[in-house]
Amino acid sequence: WSFWANSASNSEAKIVGVCSMDMTAKVQRKMRTSCQIEIMILPSLVVAPSSLHGRGVFTTTSLAENYVIEISPVIVMSAADRLHLDQTLLHDYIFEWGQNRQSCCMALGYVPIYNHGCPSNCEYEMDFEEGLIRIKTMRAIEVGEELLINYHGDAANAELVWFNAQ
């Protein structure tokens with residue numbers, strides 16, 4: 001994979017992942033389309049031990065407010081699959097999915113590793129049409145700071161989560 005940034009709008013950069021030529025030919029034969037996939041994990045993000053809960057996602061550089069730090073594809077599963085997954089450890093890592101929130105998805109990349117915070121310093125956006133979750137900062141982030149999302153989808157939502165949050 002190789003990556004480059006294109007100016008998408010105003011100050012926002014769009015990161016596009018492009019397959020190698022060999023992989024492109026294989027994917028094009030199967031999908032009958034070009035192999036341009038919008039995915040990205042900012043290189044300054046790292047997974048490390050967290051004082052909040054096991055592991056977490058941290059940054060090795062300062063990050064500006066409203067900066068997209070990750071674009072992750074998801075694997076969408078049915079409502080029946082969700083009932084089964086809710087009985088497993090994966091329950092803690094899946095997201096409700098779809099307009100009616102009956103399905104679920106497993107995000108790839110670092111998305112399942114971000115810890116819960118209220119208020120959070122990042123937020124996630126679900127793109128149902130493209131099958132993506134985007135993570136962006138909500139304020140400026142300092143070097144070494146843990147990146148947190150609110151598991152309820154609203155940075156200021158103070159409702160209790162299903163586990164003992166610190």
Side-chain angles (χ1 to χ4, degrees), residues 1-28 30-31 33-77 89-90 92-97 104-156 161 163 165-166:
W1 294 92
S2 62
F3 296 93
W4 78 88
N6 288 333
S7 178
S9 65
N10 298 343
S11 62
E12 191 173 312
K14 181 176 181 181
I15 307 299
V16 180
V18 180
C19 299
S20 69
M21 293 301 285
D22 188 41
M23 179 62 87
T24 300
K26 290 176 186 174
V27 171
Q28 285 176 338
K30 288 190 179 240
M31 297 175 62
T33 186
S34 65
C35 183
Q36 188 169 342
I37 305 167
E38 185 182 33
I39 60 171
M40 184 268 299
I41 297 176
L42 198 65
S44 65
L45 302 186
V46 296
V47 175
S50 168
S51 62
L52 295 178
H53 192 74
R55 292 178 291 179
V57 180
F58 297 80
T59 179
T60 61
T61 61
S62 298
L63 302 171
E65 181 179 355
N66 293 319
Y67 191 75
V68 176
I69 58 174
E70 182 169 356
I71 301 171
S72 174
V74 301
I75 300 169
V76 178
M77 292 163 276
L89 178 63
L90 288 177
D92 292 344
Y93 300 95
I94 60 174
F95 288 75
E96 294 177 331
W97 191 257
C104 68
C105 77
M106 173 56 83
L108 305 176
Y110 292 163
V111 173
I113 303 172
Y114 291 86
N115 282 316
H116 172 74
C118 180
S120 61
N121 55 15
C122 295
E123 65 181 349
Y124 64 90
E125 173 189 273
M126 296 178 169
D127 184 336
F128 302 130
E129 187 175 311
E130 296 295 325
L132 299 169
I133 293 180
R134 290 177 188 84
I135 308 287
K136 77 173 187 176
T137 61
M138 296 184 60
R139 62 169 174 76
I141 308 288
E142 298 296 320
V143 173
E145 191 172 345
E146 183 169 5
L147 305 170
L148 305 171
I149 59 174
N150 187 306
Y151 288 179
H152 298 298
D154 174 6
V161 288
F163 59 90
Q166 294 179 333

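Arg134 and Leu132 make their closest contact through NH2-CD1, 3.8 Å (heavy atoms, listed as atom of the first residue, atom of the second, distance). The two residues Ser50 and Gly56 have their closest heavy-atom pair at CB-N, 3.8 Å. The shortest heavy-atom contact between Ala107 and Val74 is CA-CG1, 3.9 Å. Residue Gly131 comes nearest to Trp97 through the heavy atom pair CA-CZ2, 4.0 Å, listed as atom of the first residue, atom of the second, then distance. Taking all atoms of both residues into account, the shortest heavy-atom contact from Leu147 to Tyr114 is O-CD2, 3.6 Å.
The CG atom of Leu42 sits 10.5 Å away from atom OH of Tyr110, with the distance rounded to the nearest 0.5 Å. Considering CD1 of Ile69 and NZ of Lys136, their distance stands at 11.5 Å, rounded to 0.5 Å. To the nearest 0.5 Å, atoms CD (Glu123) and CD1 (Ile135) are separated by 9.0 Å. Atoms OG1 and CD, from Thr61 and Glu142 in turn, are 11.0 Å apart once rounded to the nearest 0.5 Å. Between the CD1 atom of Ile141 and the SG atom of Cys122 there is a distance of 5.0 Å, given to the nearest 0.5 Å. Here the straight-line distance linking atom CG of Leu148 with atom CG of Asn121 works out to 5.0 Å at 0.5 Å rounding.
Centroid-to-centroid, the aromatic rings of Tyr124 and Phe95 come within less than 6.0 Å.
The shortest distance between side-chain heavy atoms of Met77 and Met106 falls below 4.5 Å.
Judged by distance alone, with hydrogens and angles left aside, the side-chain atoms of Thr60 form a donor-acceptor pair with the main-chain N or O of Ser44 at under 3.5 Å. Checking side-chain atoms of Asn115 against main-chain N and O of Arg55 turns up a donor-acceptor pair under 3.5 Å. The main-chain N or O of Ile133 is never found under 3.5 Å from a side-chain atom of Ser72 such that the two would form a donor-acceptor pair. Of the possible polar contacts, none joining the Thr59 side chain to the Gly144 backbone as a donor-acceptor pair under 3.5 Å is found. Although no hydrogens or angles enter the test, the distance criterion places no donor-acceptor pair under 3.5 Å between the side chain of Glu70 and the main chain of Gly109.
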